[in-house]
**Student:** 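Quick one: the structure is below, questions incoming.
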Amino acid sequence: VPDLKTADITINSIYNYNHIAYLCTNIGIVELDCINGVLANTYKSPYNVQSMCIFNDRYYIACTEGLYVVKLSDNLYDKSSWQQYRSFATDFITSFCGNLLARIGNSFITIDTSTGYERWFDSKIRGQYVGSTSDFAYFLVVGSTNSTLTVLHSDLSTITALSDLPPITSISLSGQTFWTASPASGV
């Protein structure tokens, strides 16, 4: 997209929904129409947008200044529609098993948006979020000599850790299959 080459922005993450790629950036949210390959909209924000997801007819927007929520029916251009949902700085948000899943510092939290109930996982879940299926969410910690894959089950209470894996440089989830790459083992 030529317009992005000249812009002075940092893309923190990309969220795909239908045929739109939402680029979460230091200047706000940029919508990219993936069918036509053009910028659809740029929603400038005073917040450094790290991540976002669409869940229960709302945008949930993770920023270094807090977690914000905007109804899908509201205008993202209107800053008054950005309501602070939580005051903690977060750099990652997604939906998982009817809840929001966010990272705050080194901890993960689930939030039931209908009740507001929060469940903190502290050090039980660490690492980078890899992906999820309907039953599991996966997190990866890569060390210099080994890796640990942590699995959060859909009941939000069962956690399984697969440790002493070789150092993994890349991981991808396809259906129920993990594809990993490491210098020692290849793919």
Side-chain angles (χ1 to χ4, degrees), residues 1-111 113 125-134 137-142 168-175 178-181:
V1 178
D3 293 339
L4 288 179
K5 290 181 183 177
T6 59
D8 186 21
I9 64 172
T10 301
I11 299 172
N12 297 316
S13 67
I14 301 172
Y15 175 72
N16 293 296
Y17 185 78
N18 292 335
H19 66 280
I20 301 293
Y22 294 89
L23 310 180
C24 301
T25 75
N26 61 315
I27 64 162
I29 299 170
V30 177
E31 282 185 4
L32 177 64
D33 180 330
C34 295
I35 292 174
N36 299 308
V38 296
L39 292 177
N41 292 296
T42 299
Y43 305 106
K44 290 193 175 183
S45 163
Y47 311 118
N48 186 351
V49 178
Q50 298 292 306
S51 177
M52 68 172 288
C53 71
I54 295 174
F55 179 65
N56 287 343
D57 296 323
R58 288 172 171 74
Y59 298 100
Y60 287 91
I61 305 164
C63 303
T64 53
E65 299 80 7
L67 179 60
Y68 292 83
V69 62
V70 179
K71 293 179 186 174
L72 282 179
S73 59
D74 287 349
N75 186 346
L76 278 171
Y77 285 114
D78 180 5
K79 301 302 175 264
S80 67
S81 66
W82 290 51
Q83 301 298 312
Q84 191 171 50
Y85 187 68
R86 296 289 192 274
S87 61
F88 48 69
T90 181
D91 64 354
F92 171 78
I93 188 88
T94 192
S95 60
F96 174 63
C97 292
N99 293 274
L100 292 175
L101 177 66
R103 180 177 45 230
I104 297 96
N106 292 326
S107 298
F108 280 88
I109 179 177
T110 58
I111 304 169
T113 57
I125 298 177
R126 298 179 300 122
Q128 179 178 346
Y129 173 80
V130 175
S132 62
T133 64
S134 59
Y138 303 94
F139 307 86
L140 181 67
V141 175
V142 178
I168 297 171
T169 56
S170 179
I171 186 166
S172 178
L173 178 63
S174 176
F178 279 104
W179 292 91
T180 63

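Residues take their numbers from the sequence shown, with the count starting at 1.
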**Student:** Check the pair L67 / I61 against side chain to side chain contact (heavy atoms under 4.5 Å, CB included), numbers first and verdict last.
**Tutor:** CA-CA 6 Å; L67 179 60; I61 305 164; 5.8 Å; no
**Student:** How close do S51 and F92 get, counting heavy atoms only, and between which atoms?
**Tutor:**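 S51 and F92 have their closest heavy atoms at CB-CA, 3.6 Å.
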**Student:** Please table the atom pairs, donor to acceptor, closer than 3.5 Å between any side-chain atom in residues 14-25 and protein atoms at least two apart or in another chain.
**Tutor:**
residue, atom, partner, partner atom, Å
Y15, OH, I54, N, 3.1
T25, OG1, I27, N, 3.1
T25, OG1, G28, N, 3.2
T25, OG1, G28, O, 2.9

**Student:** Using a 6.0 Å cut-off, check whether atom NZ of K44 has over 12 heavy atoms from anything other than its own residue.
**Tutor:**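 No - once you tally the heavy atoms of other residues, nucleotides and ligands closer than 6.0 Å, there are 12 at most.
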**Student:** Can you give each donor-acceptor pair under 3.5 Å made by side-chain atoms of residues 69-77, sequence neighbours left out, with the distance rounded to 0.1 Å?
**Tutor:**
residue, atom, partner, partner atom, Å
N75, OD1, Y77, N, 2.7
Y77, OH, N41, OD1, 3.1

**Student:** How many angstroms lie between atom CH2 of W82 and atom OH of Y43, to the nearest 0.5 angstrom?
**Tutor:**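 If I round to the nearest 0.5 Å, the distance is 10.0 Å.
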**Student:** Could you go step by step and tell me if N48 and N12 meet the side-chain hydrogen bond (donor to acceptor under 3.5 Å, both in side chains) rule?
**Tutor:** CA-CA 9 Å; N48 186 351; N12 297 316; 3.0 Å; yes
**Student:** On a heavy-atom basis, which atom in C53 and which in S95 lie closest, and how many Å separate them?
**Tutor:**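 The pair with the smallest heavy-atom distance is SG-N, 4.0 Å.
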**Student:** Grab the two heavy atoms, one from D91 and one from A62, that are nearest each other, plus how far apart they are.
**Tutor:**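 Shortest heavy-atom contact: C-CB, 4.4 Å.
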**Student:** Please find the pair of heavy atoms, one from Q84 and one from E65, that lie closest to each other, and give the distance.
**Tutor:**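 It is NE2-O, 3.2 Å.
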**Student:** For T113, which residues count as a side-chain contact (heavy atoms from CB on, under 4.5 Å) partner, sequence neighbours excluded?
**Tutor:**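 Scan of T113 (side-chain contact (heavy atoms from CB on, under 4.5 Å), adjacent residues dropped) gives F55, N56, Y60, Y85, L100.
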**Student:** Give a yes or no on whether the backbone of A89 and the side-chain of T64 come within a donor-acceptor separation of less than 3.5 Å.
**Tutor:**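 Side chain of T64 to backbone of A89: no pair is present.
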**Student:** Where do S81 and D78 come nearest, in terms of heavy atoms and distance?
**Tutor:**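 Between these two residues, the closest heavy atoms are OG-O, 2.6 Å.
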**Student:** I'd like to check R86 versus I111 (side-chain heavy atoms, cut-off strictly below 4.5 Å). Are they in contact?
**Tutor:**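 Side chain of R86 against side chain of I111, heavy atoms only: contact under 4.5 Å found.
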